[in-house]
Amino acid sequence: MNSMLNADLHCHSTVSDGTLTPEALAERAKANGVELWALTDHDEVGGQQRALEAARSQGMKYLTGTEISVTFAGQTVHIVGLGFDHHNTALINGLRRTRGGRGERAQEMSEGLAKVGINGAYEGALKYVGNPELISRTHFARFLVEAGVCKDTPEVFRKYLTEGKPGFVPHRWARLQDAVQWINDAGGIAVIAHPARYSFTPNEEYALFTEFKTHGGRGVEVVTGSHSAQEAARYAETALEFGLAASRGSDFHSPDESHTDLGALPWLPGQLTPVWELLADRIQ
Ligand code: AMP
Ligand code: MN
Ligand code: MN
Ligand code: MN
């Protein structure tokens with residue numbers, strides 16, 4: 001295995017905030033030339049068995065996946081887990097705790113939006129929810145587009161759903177060390193998702209990578225739908241500096257919303273160790 005493998009190790013289904021089922025994603029990934037796939041729903045492994053079976057019926061290699069929400073230095077950081085045992089009880093329970101509180105948070109988001117004249121947002125968002133335990137900002141964004149409040153979901157996030165905006169409710173997610181430990185104890189590897197998306201100071205970012213390593217984290221997303229070519233080059237350097245393996249994933253959510261389709265990504269830079277080299281015996 002080498003860096004020129006069409007691996008897509010980050011995407012979302014209706015089990016979290018994607019609009020396609022695991023089966024439809026598998027079909028689309030295959031059609032796009034994906035050779036190794038992972039479904040990484042937010043804080044949830046409930047779609048893994050379906051994804052594994054769908055990959056198998058498409059003749060595509062599969063790694064189990066999830067994307068865990070973590071609070072670090074006051075910001076939300078996403079940690080992707082890959083190649084774990086999706087029946088592991090500690091991981092399943094940890095993710096269930098992480099999902100807890102989303103319902104209440106969504107009610108508060110709705111109250112915040114009502115204060116600026118947008119009514120019924122909770123009920124509106126619920127129409128888009130595929131998994132009752134996983135109501136997310138994305139579902140609110142879809143409703144606000146439907147209601148004609150904004151033209152697209154990025155505009156909703158900009159105007160309503162990010163820090164300081166009316167529909168934003170701060171939330172405490174899992175701890176970094178817990179997320180990494182759940183993944184490691186279930187036999188997988190932990191990967192820092194889309195590092196360019198955070199707004200850490202250089203010191204905070206250094207602390208994130210250092211603590212992540214200390215806790216047993218082993219990878220970082222270098223090539224992702226969230227990174228420009230410059231950002232990929234920058235985090236390729238970071239991967240080498242911290243001795244982390246590199247991952248590649250589109251972060252595909254929806255044909256209507258995602259600008260990067262499944263598998264439609266640049267290759268990983270050749271000097272990096274791909275995460276799939278560390279996971280050779282976990283590929284199904
Ligand atoms: P939540 O876990 O409920 O906080 O929702 C986070 C999700 O919102 C992310 O996984 C993305 O799918 C989506 N998201 C976050 N920021 C943006 C943005 N600026 N534009 C579009 N979608 C976003
Ligand atoms: Mn998402
Ligand atoms: Mn993410
Ligand atoms: Mn994601």
Side-chain angles (χ1 to χ4, degrees), residues 8-20 25 38-44 47 65-72 74-82 95 98-110 112-113 121-122 125-126 128-145 149-165 167-174 176 179 190-199 208 219-221 223-227 231 235 247-260 262:
D8 192 330
L9 306 179
H10 189 151
C11 67
H12 300 273
S13 76
T14 46
V15 174
S16 64
D17 61 349
T19 63
L20 301 184
L25 284 170
L39 171 67
T40 56
D41 278 311
H42 295 285
D43 308 323
E44 175 67 274
T66 186
E67 182 178 20
I68 307 180
S69 314
V70 156
T71 301
F72 183 85
Q75 287 189 47
T76 300
V77 168
H78 286 167
I79 301 296
V80 164
L82 295 170
L95 293 179
T98 306
R99 289 194 300 276
R102 274 187 180 268
E104 210 171 309
R105 169 193 189 231
Q107 299 273 13
E108 286 178 42
M109 287 171 63
S110 191
L113 291 168
Y122 178 74
L126 267 187
Y128 292 90
V129 168
N131 173 356
E133 286 184 37
L134 215 123
I135 181 161
S136 91
R137 286 185 291 163
T138 313
H139 302 113
F140 278 84
R142 290 185 185 133
F143 169 66
L144 265 64
V145 172
V149 175
C150 293
K151 69 171 190 323
D152 57 22
T153 53
E155 185 188 345
V156 181
F157 275 88
R158 225 168 31 245
K159 292 188 175 162
Y160 294 100
L161 299 181
T162 42
E163 184 116 38
K165 300 297 156 64
F168 183 79
V169 174
H171 197 74
R172 181 160 288 280
W173 301 107
L176 178 64
V191 175
I192 297 177
H194 44 61
R197 287 245 309 255
Y198 313 123
S199 37
L208 171 66
V220 59
E221 283 185 347
V223 173
T224 121
S226 299
H227 283 177
E231 288 166 340
Y235 287 98
S247 193
R248 177 179 190 265
S250 59
D251 208 357
F252 181 81
H253 282 72
S254 161
D256 302 326
E257 295 164 11
S258 299
H259 54 86
T260 303
L262 287 158

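Both counts, for ligands and for their atoms, begin at 1 and track the order of listing. The structure displayed is predicted, hence computed values, not measured ones.
Annotation: angle subtended at the Mn ion (ligand 3) by His194 NE2 and His78 ND1 is 110°, to 10°. With the Mn ion (ligand 2) as the vertex, NE2 of His253 and OD2 of Asp17 span 100° to the nearest 10°.
At a cut-off of 2.8 Å, His12 is not counted among the residues with an N, O or S atom near the Mn ion (ligand 2). The Mn ion (ligand 3) has no N, O or S atom of Asp251 inside 2.8 Å of it.
In this structure, Thr66 contributes its side chain and Asp41 its backbone to a donor-acceptor pair below 3.5 Å.
Residues Arg142 and Asp17 are not paired through a salt bridge, judged by the lack of any N-O separation under 4.0 Å between the basic side chain and the carboxylate. Salt bridge present: Arg99 and Glu44 bring a charged side-chain N and a carboxylate O closer than 4.0 Å.
With respect to atom 12 (O) of ligand 1, the closest heavy atom belonging to the protein is His253 NE2, 2.9 Å. Looking from atom 22 (N) of ligand 1 to the surrounding protein, the closest heavy atom is Phe157 CE1, 3.1 Å.
Distances from the Mn ion (ligand 3) to the N/O/S atoms of Glu67 are shortest for OE2. Atom NE2 is the N, O or S atom of His42 at the shortest distance from the Mn ion (ligand 2).
Listed by atom number, the atoms of ligand 1 under 4.0 Å from Arg105 heavy atoms are 1 (P), 3 (O), 4 (O). Residue Asp17 approaches ligand 1 through these ligand atoms, each under 4.0 Å from one of its heavy atoms: 7 (C), 10 (O), 12 (O).
On a distance-only criterion, Thr138 and ligand 1 share at least one N/O pair closer than 3.5 Å. Taking distance alone, with nitrogen or oxygen atoms compared against 3.5 Å, Arg197 stays at or beyond that limit from ligand 1. Geometrically, ligand 1 and Trp173 share no nitrogen or oxygen pair separated by less than 3.5 Å.
The number of heavy atoms from other shown groups lying within 6.0 Å of CD (Glu104) does not exceed 12.
For the pair Glu257 and Phe252, the minimum side-chain heavy-atom distance is 4.5 Å or more. The shortest side-chain heavy-atom distance between His253 and Asp251 falls under the 4.5 Å cut-off. With contacts defined as side-chain heavy-atom distances shorter than 4.5 Å, the pair Asp43/Ile68 qualifies. Val156 places none of its side-chain heavy atoms less than 4.5 Å from the side chain of Phe143. Leu161 places a side-chain heavy atom less than 4.5 Å from the side chain of Met109.
Using a 30° and 60° split on the angle between ring planes, His12 and His42 fall in the parallel class, below 30°.
When non-hydrogen atoms are compared, ligand 1 lies under 4.0 Å from neither the backbone nor the side chain of Glu257. With a heavy-atom cut-off of 4.0 Å, Thr162 does not touch ligand 1 at all.
Atom 2 (O) of ligand 1 has its nearest heavy-atom neighbour, among Arg102, His42, Arg137, in Arg102.
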